Asker: 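Sending over a structure as structure tokens; questions will come in a sec.
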Amino acid sequence: FLGPTVYMDVNGQYKGLDQEIHTADGFTNYTTFSIWDTYRALHPFFNLVQPSRNNDMIKSMMKHYDQISLKMLPIWSHYANDNWCMSGYHSVSVIADAIVKGNYDGDANASLDACIETANKRFYEGIGDYIDLGYIPDERNGTSVSNTLEYAYDDWAIAQAANKLGRTDVYEIFMKRSENWKNNFDPSIGFMRPKLVNGTFRENFDINETHGMGFIEGNSWNYSFFVPHNPEGLVQAMGGKKKFAEKLNTLFTMHLPDEFFAHTEDISREGILGGYVHGNEPAHHVAYLYNWSSEPWKTQETVRHILEMQYKPTSDGLGGNDDCGQMSAWYIFSALGFYPVAPGSENYSLGSLLVDEAKIQLENGNVLKINSINNSKENLFVQKVLWNGKEIKDHTILHSDIIKGGELVFYMSDKPTKK
């Protein structure tokens with residue numbers, strides 16, 4: 001909750017992106033939007049526990065859009081500037097998540113228009129090629145694959161907001177764009193790979209290397225799973241549920257020499273689990289993808305392992321910097337037993353809760369209770385989960401159910417339930 005930060009004086013005045021003095025009228029103005037990090041779990045967590053505060057953050061993003069001459073939503077908003085840092089245009093994810101979950105009390109259609117305008121800035125970071133070709137050529141952009149994958153997710157988020165607002169034409173355009181991830185997937189090797197302007201895949205390529213391969217803060221092992229909005233499609237592309245589970249198993253158990261992580265920013269060696277890098281964000285949803293595989297109990301085992309291994313009260317106990325709250329938000333969601341794999345959806349994916357019990361006082365006055373039966377360090381596998389007495393069968397719970405209040409109960413065991 002240290003960020004985003006309030007950015008205005010006691011009278012509501014602040015310096016805008018146009019370098020003029022503005023007054024926040026009827027909302028609290030925020031800045032320090034490290035959105036490449038925080039769209040994944042921090043803003044969804046605000047949508048659960050502090051939706052009105054998240055509302056003010058979105059209104060601040062819209063003021064950023066109004067004041068900047070380029071007419072773009074924040075990429076990395078920092079006081080009266082934008083740092084233009086990292087892949088994607090993830091303000092659209094934050095806005096879409098609030099709209100889809102019914103939490104936005106601003107002008108939703110105007111905000112969606114700003115999302116569309118931002119997503120069509122052809123001059124920015126390969127967007128023109130992305131629109132024309134369905135991918136960003138490796139020769140023209142050093143993070144071509146990361147950008148393509150993250151734009152595809154953002155476009156899906158725009159489509160979900162459009163669907164919620166009944167704008168079918170926008171929904172169809174951006175759902176089509178959201179499938180652009182397929183253009184960087186090389187079925188001959190089963191990984192994401194840079195593509196050249198002539199449509200062929202780049203030959204000089206190493207799936208383990210983190211530098212110079214078309215990715216930012218990650219390698220192909222981590223980014224090949226970055227299709228949070230269409231896990232079913234990714235499973236199919238990777239050969240089905242069994243092969244998908246095998247590939248996830250390899251990611252979490254492989255051994256790579258330290259040299260492969262020499263160029264990976266903002267992490268410690270403790271932030272690495274096999275080839276999985278928890279100290280950076282692109283793979284934060286990946287442990288939950290086991291829920292779409294032939295071995296869904298591995299989500300429970302892996303999440304619990306990450307919780308205990310990557311967050312320790314020691315001098316080297318954190319796998320990376322907190323990235324303005326994203327690392328902590330991952331921990332809080334996962335400790336409670338569920339996680340937003342694809343913000344912009346109502347779905348939370350179930351994992352293995354760390355707490356014995358929790359009570360969350362929601363802003364609408366309702367209370368969410370979370371309890372576990374037989375929970376312990378050894379009993380990390382989930383036998384069954386009940387929501388208000390009814391068993392959940394599909395590893396998913398909806399935001400619209402949770403905010404009505406009720407009780408989520410996990411029955412734990414030392415053995416996985418494989419049926």
Side-chain angles (χ1 to χ4, degrees), residues 1-5 32 34 36-38 40-46 49 86 208 210-211 216-219 221-222 225 248-290 297-340 351-360 370 372 374-382 410 412 414:
F1 292 118
L2 293 176
T5 50
T32 319
S34 183
W36 184 83
D37 305 295
T38 57
R40 305 167 197 266
L42 181 66
H43 284 283
F45 189 63
F46 289 146
V49 299
M86 310 307 289
N208 297 320
T210 61
H211 183 66
I216 189 167
E217 295 198 12
N219 61 8
W221 265 108
N222 283 264
F225 293 101
L248 285 170
N249 290 339
T250 301
L251 171 68
F252 286 108
T253 60
M254 67 194 299
H255 175 73
L256 290 175
D258 286 353
E259 65 194 65
F260 281 103
F261 302 100
H263 299 286
T264 303
E265 300 90 342
D266 294 343
I267 66 164
S268 68
R269 191 65 180 87
E270 289 70 28
I272 300 166
L273 180 60
Y276 168 82
V277 181
H278 189 72
N280 276 327
E281 280 68 25
H284 267 194
H285 66 293
V286 170
Y288 289 90
L289 293 183
Y290 275 115
W297 63 90
K298 293 282 184 69
T299 280
Q300 300 149 31
E301 183 178 51
T302 308
V303 166
R304 184 67 76 89
H305 186 54
I306 295 169
L307 282 165
E308 294 181 351
M309 173 190 173
Q310 304 283 316
Y311 298 85
K312 296 178 291 187
T314 60
S315 60
D316 61 350
L318 295 178
N321 71 59
D322 198 58
D323 282 317
C324 294
Q326 169 58 26
M327 293 285 284
S328 295
W330 188 97
Y331 183 93
I332 294 171
F333 264 124
S334 296
L336 294 173
F338 55 96
Y339 187 80
S352 175
L353 80 171
L354 188 64
V355 300
D356 292 329
E357 61 178 333
K359 182 187 290 186
I360 301 175
I370 300 170
S372 59
N374 298 323
N375 195 19
S376 69
K377 186 174 182 178
E378 294 75 25
N379 293 350
L380 56 88
F381 293 105
V382 179
F410 290 75
M412 310 301 291
D414 62 353

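Since the model is a prediction, treat every value here as computed from it, not as a measurement.
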Asker: If you round to the nearest 0.5 Å, how far is CZ of F45 from OH of Y331?
Answerer: 12.5 Å
Asker: How about F252 and Y290: do any of their side-chain heavy atoms sit closer than 4.5 Å?
Answerer: yes
Asker: So, the side chain of N222 versus the backbone of G275: is there a donor-acceptor pair under 3.5 Å, distance only?
Answerer: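 A pair under 3.5 Å: yes.
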Asker: Within a reach of under 6.0 Å around CD of E308, are more than 12 heavy atoms found that belong to other residues, nucleotides or ligands?
Answerer: yes
Asker: Quick one, C324 and D37 - any side-chain contact, counting heavy atoms below 4.5 Å?
Answerer: no
Asker: Report the residues that fulfil ring-ring contact (aromatic ring centres under 6.0 Å, His included) with F381, sequence neighbours left out, ordered by chain and then residue number.
Answerer: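 None.
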Asker: Could you give the distance from CG (L380) to CH2 (W297), rounded to the nearest 0.5 Å?
Answerer: 13.5 Å
Asker: Any chance you could measure L318, atom CG, to S328, atom OG, to the nearest 0.5 Å?
Answerer: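 Answer for the CG-OG pair, L318 versus S328, is 8.0 Å.
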Asker: Could you tell me the separation between the CZ atom of R304 and the OG1 atom of T299, rounded to the nearest 0.5 Å?
Answerer: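 One finds 13.5 Å between CZ of R304 and OG1 of T299.
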Asker: Heavy-atom distance under 4.5 Å between the side chains of L353 and L336, does that happen here?
Answerer: no
Asker: Less than 4.5 Å apart, any side-chain heavy atom of Y276 and any of L248?
Answerer: no
Asker: State the NZ-CG distance between K377 and L354, to the nearest 0.5 angstrom.
Answerer: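 Going from the NZ atom of K377 to the CG atom of L354 covers 10.5 Å.
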Asker: Decide yes or no for L42 and P4: does some side-chain heavy atom of the first lie under 4.5 Å from some side-chain heavy atom of the second?
Answerer: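 L42 reaches P4 side chain to side chain.
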Asker: Any donor and acceptor pair, going by atom type alone, linking the side chain of H284 with main-chain N or O of M327 inside 3.5 Å?
Answerer: no
Asker: For E281 and D323, work out which heavy atoms get closest and say how close.
Answerer: OE2-OD2, 2.9 Å
Asker: Specify whether W330 and Y339 have parallel, tilted or perpendicular ring planes, treating 30° as the upper limit for parallel and 60° as the lower limit for perpendicular.
Answerer: tilted
Asker: Compute the centroid of each ring, for Y311 and then for H278, and state whether the two points are separated by less than 6.0 Å.
Answerer: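 Ring centres of H278 and Y311 closer than 6.0 Å.
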